[in-house]
Novice: 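Sharing a structure with you now.
For the single chain, residues carry numbers from 1 onward in sequence order. Every number for a ligand or one of its atoms is a count from 1 in the order of the listing.
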Amino acid sequence: MFLAALNLINFRNYDRQELTFHPRLNIFTGLNAQGKTNLLEAVYCLAVSRSFRTNQESELLRFGSDFFYLEGNFQIKKECYQVGIGYRPPRRLQIKLNGKTLKRAEYLYRHPVVVFSPDDLLLVKEGPSIRRRFLDTEGSRLKPLYYRRLRDYYRALQQRNRILKEYRGSRSFDYSLLEPWDQALVKFGSTVMEERIKFLGALESRARSHFATLTAESESLSLRYLPTIKFNGDFELLESAFREQLTAGHSAELRRGTTLVGPHLDDFAVMINGCDVRKYGSQGQQRTVVLALKMGEVDLFNSAGDEQAILLLDDIFSEFDEERSNHLLQFLSCREGQSFLTTASPSWKHSQNCSGQSKIYTVHRGKIKID
Ligand code: ATP
Ligand code: MG
């Protein structure tokens with residue numbers, strides 16, 4: 001699958017722009033603040049019906065405009081279809097596929113797209129909640145059961161926390177009030193943990209090989225799930241371990257007024273040669289790790305469906321040395337799927353790695369020209 005053409009009207013700093021794309025690699029260069037990221041955002045928005053930068057559609061409207069419209073042609077094998085996405089507040093976002101209106105839920109995540117943006121570095125720089133969100137959004141895109149169990153888990157957790165908060169510090173608390181929520185937490189939480197661990201394992205095996213290539217085999221990447229429920233790795237025994245540890249913590253939970261164990265508090269560690277990247281990784285290493293995770297995700301998408309994911313890489317070369325940049329370009333020009341990348345640095349132009357399999361564009365003040 002690839003995006004063959006895109007028209008933008010009043011999207012971010014674009015007034016009107018018509019573009020056709022290469023089925024493989026598309027490279028957007030330009031100075032800062034010209035519209036490179038905005039263009040990737042438009043591609044993402046057309047493919048997924050939301051932005052990767054904001055939940056506020058009004059931010060996507062070109063300043064002073066009362067609507068935006070994106071239209072594009074996707075090609076799958078020999079078949080072509082047209083998607084139109086329009087927004088005119090106060091109406092909701094409108095989605096049309098070959099002229100037929102679709103609800104957002106029918107369209108969302110129809111196209112496999114993986115995006116790497118500078119914000120993704122938070123994945124290895126920040127606290128655990130951002131890594132849980134990564135596991136949950138990416139894992140549940142690949143597996144609907146994951147999404148359902150996660151939703152059930154968080155609903156039960158909310159109810160349980162409500163009770164613990166209400167009776168916080170009480171000396172005559174009736175623990176049987178927690179029983180139905182304990183059961184739900186154990187049942188749904190064990191599935192969430194199992195799905196996360198499996199997803200992380202699958203991601204690790206793919207990301208490891210990309211990481212090794214990007215670093216010319218000099219560094220090795222590993223990922224380890226860090227559960228708050230201790231268990232020996234046997235999923236058959238997970239529910240009983242969960243129940244035991246939940247029950248053992250009842251009185252502490254009542255004192256604190258909240259649930260103290262479970263996947264809502266779990267994390268995962270990202271390590272290079274056995275050292276935690278968050279604490280010891282250089283900027284370039286952190287970037288390489290996140291990129292390898294994203295490339296691993298692309299592979300997971302590819303093995304889950306028969307369509308190659310579209311890969312969007314924003315501001316990709318900053319902080320990469322020449323060797324890593326070349327490995328990346330080689331990967332992108334060899335991959336079958338379509339990629340879009342932006343860079344403010346012109347140094348890649350000297351590389352021979354992408355010749356023939358790419359189209360190069362210059363972005364200047366919200367206008368795009370093919371080089
Ligand atoms: P950098 O290399 O610094 O990342 P960029 O080319 O990726 O730059 P963009 O993030 O695409 O730059 O933004 C380009 C410009 O778009 C910015 O100057 C910003 O002010 C402008 N912009 C953002 N949103 C809107 C909007 N809704 N309407 C008009 N202009 C906007
Ligand atoms: Mg940018």
Side-chain angles (χ1 to χ4, degrees), residues 3 6-19 21 25-72 84-94 113-123 125 283-284 286-288 290-291 294 310-321 324-325 328-329 332 338-349 351 354 358-371:
L3 179 62
L6 172 67
N7 292 347
L8 303 88
I9 301 176
N10 294 338
F11 187 91
R12 292 276 192 190
N13 68 332
Y14 291 95
D15 151 22
R16 273 170 186 271
Q17 180 71 54
E18 293 188 7
L19 290 162
F21 298 122
L25 180 55
N26 298 275
I27 303 175
F28 296 85
T29 69
L31 301 175
N32 295 134
Q34 302 302 309
K36 301 182 299 297
T37 303
N38 294 347
L39 190 268
L40 293 194
E41 193 179 22
V43 172
Y44 189 86
C45 185
L46 185 81
V48 178
S49 77
R50 53 179 296 259
S51 160
F52 59 82
R53 290 208 281 191
T54 177
N55 291 325
Q56 303 295 320
E57 275 120 18
S58 57
E59 287 176 25
L60 307 177
L61 292 170
R62 188 172 134 87
F63 297 149
S65 303
D66 58 0
F67 78 99
F68 78 73
Y69 185 63
L70 298 172
E71 187 181 270
I85 298 221
Y87 179 62
R88 185 187 287 276
R91 295 184 67 193
R92 285 194 197 170
L93 194 88
Q94 304 287 307
V113 183
V114 173
V115 51
F116 170 91
S117 82
D119 285 349
D120 287 313
L121 286 176
L122 299 178
L123 200 57
K125 285 177 185 256
Q283 300 263 59
Q286 291 179 336
R287 230 166 207 276
T288 313
V290 177
L291 180 63
K294 297 286 171 165
I310 294 178
L311 181 56
L312 307 177
L313 302 169
D314 193 20
D315 196 13
I316 193 65
F317 297 122
S318 56
E319 286 166 60
F320 278 166
D321 58 31
R324 287 185 191 197
S325 300
L328 173 61
L329 274 173
L332 294 173
Q338 190 179 32
S339 312
F340 293 80
L341 70 87
T342 74
T343 172
S345 132
S347 59
W348 60 270
K349 281 191 181 177
S351 165
C354 56
S358 63
K359 218 165 172 176
I360 297 159
Y361 308 77
T362 303
V363 186
H364 182 66
R365 293 192 182 166
K367 292 278 171 218
I368 300 181
K369 278 204 249 124
I370 298 177
D371 273 20

Novice: Under a plain distance cut-off of 3.5 Å, with no hydrogens placed, do Thr288 and Arg324 share a side-chain donor-acceptor pair?
Specialist: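 The criterion, which ignores hydrogens and geometry beyond distance, is satisfied for Thr288 and Arg324.
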Novice: Quick test: of every protein heavy atom, which one is nearest to atom 7 (O) of ligand 1, and how far off is it to 0.1 Å?
Specialist: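 Checking every protein heavy atom, the shortest distance to atom 7 (O) of ligand 1 gives Thr37 OG1, 2.7 Å.
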Novice: Which atoms from ligand 1 have a heavy atom of Arg62 less than 4.0 Å away?
Specialist: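 The list of qualifying atoms is 28 (N).
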Novice: Say whether, by atom type as modelled, one donor and one acceptor occur between the side chain of Gln286 and the main chain of Leu121 under 3.5 angstrom.
Specialist: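 Answer holds: no.
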Novice: Any donor and acceptor pair, going by atom type alone, linking the side chain of Lys36 with main-chain N or O of Leu31 inside 3.5 Å?
Specialist: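 Side chain of Lys36 to backbone of Leu31, a donor-acceptor pair under 3.5 Å: yes, one is there.
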Novice: Please state which protein non-hydrogen atom is closest to atom 20 (O) of ligand 1 and give its distance, to 0.1 Å?
Specialist: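 Here the closest protein heavy atom is Phe63 CE1, 4.8 Å.
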Novice: Nearest protein heavy atom to atom 8 (O) of ligand 1, by residue and atom, and its distance?
Specialist: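 Answer for atom 8 (O) of ligand 1: Ala33 N, 2.7 Å.
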Novice: For Leu40 and Thr342, what are the C-alpha separation, side-chain angles and deciding distance, and is it a side-chain contact (heavy atoms from CB on, under 4.5 Å)?
Specialist: CA-CA 8 Å; Leu40 293 194; Thr342 74; 3.6 Å; yes
Novice: Please work out whether the ring planes of Tyr361 and Phe28 are parallel, tilted or perpendicular, with thresholds of 30° and 60°.
Specialist: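 It falls in the parallel class, under 30°.
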Novice: Going by distance only, is there an N or O of Arg12 that falls short of 3.5 Å from an N or O of ligand 1?
Specialist: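 For ligand 1, there is an N or O atom that lies under 3.5 Å from one belonging to Arg12.
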Novice: Suppose we measure from atom 9 (P) of ligand 1 to each protein heavy atom; which comes out shortest, and what is that distance?
Specialist: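 Going atom by atom, the protein heavy atom closest to atom 9 (P) of ligand 1 ends up being Asn38 OD1, 3.6 Å.
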Novice: Picking from Leu341, Asp314, Leu313, Leu312, what satisfies side-chain contact (heavy atoms from CB on, under 4.5 Å) with Phe116?
Specialist: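 With Phe116 as partner, Leu341, Asp314, Leu313, Leu312 yield a single side-chain contact (heavy atoms from CB on, under 4.5 Å), made by Leu313.
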Novice: Is Thr342 close enough to the Mg ion (ligand 2) to have an N, O or S atom under 2.8 Å?
Specialist: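 Not a single backbone or side-chain N, O or S atom of Thr342 is under 2.8 Å from the Mg ion (ligand 2).
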Novice: Hey, is Gly30 one of the residues with a heavy atom under 4.0 angstrom from ligand 1?
Specialist: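 For ligand 1, residue contact (heavy atoms, under 4.0 Å) with Gly30 is absent.
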Novice: Counting only heavy atoms, which portion of Arg53 has something under 4.0 Å from ligand 1: side chain, backbone, both, or neither?
Specialist: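 Side chain only.
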Novice: Does ligand 1 have a heavy atom under 4.0 Å from the side chain of Leu61, from its backbone, from both, or from neither?
Specialist: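 Backbone only; the side chain of Leu61 stays clear of ligand 1.
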Novice: Going by the closest heavy atom to atom 1 (P) of ligand 1, which one wins out of Asn32, Thr29, Asn10, Asp15?
Specialist: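 Considering heavy atoms of Asn32, Thr29, Asn10, Asp15, the nearest to atom 1 (P) of ligand 1 sits in Asn32.
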Novice: Is a side-chain N or O of Gln17 found less than 3.5 angstrom from the main chain of Asp15, in a donor-acceptor match?
Specialist: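 The answer is no, because no donor-acceptor pair under 3.5 Å joins these two groups.
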Novice: Val363 near ligand 1, heavy-atom distance under 4.0 Å?
Specialist: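 The answer is no: ligand 1 sits nowhere under 4.0 Å from a heavy atom of Val363.
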Novice: Look at atom 2 (O) of ligand 1 and say which protein heavy atom is nearest, naming residue and atom and giving the distance to 0.1 Å.
Specialist: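 That would be Lys36 NZ, 2.7 Å.
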Novice: Just to be sure I read this right, does ligand 1 sit under 4.0 Å from the backbone of Glu59, its side chain, both, or neither, counting only heavy atoms?
Specialist: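 Answer for Glu59: backbone.
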Novice: Taking the side chain as C-beta and beyond, is there a heavy-atom pair between Asn10 and Tyr69 under 4.5 Å?
Specialist: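 No; the side chains remain at least 4.5 Å from each other.
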Novice: Atom CD of residue position Glu18 - does it have more than 12 heavy atoms of other residues, nucleotides or ligands inside 6.0 Å?
Specialist: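 Open.
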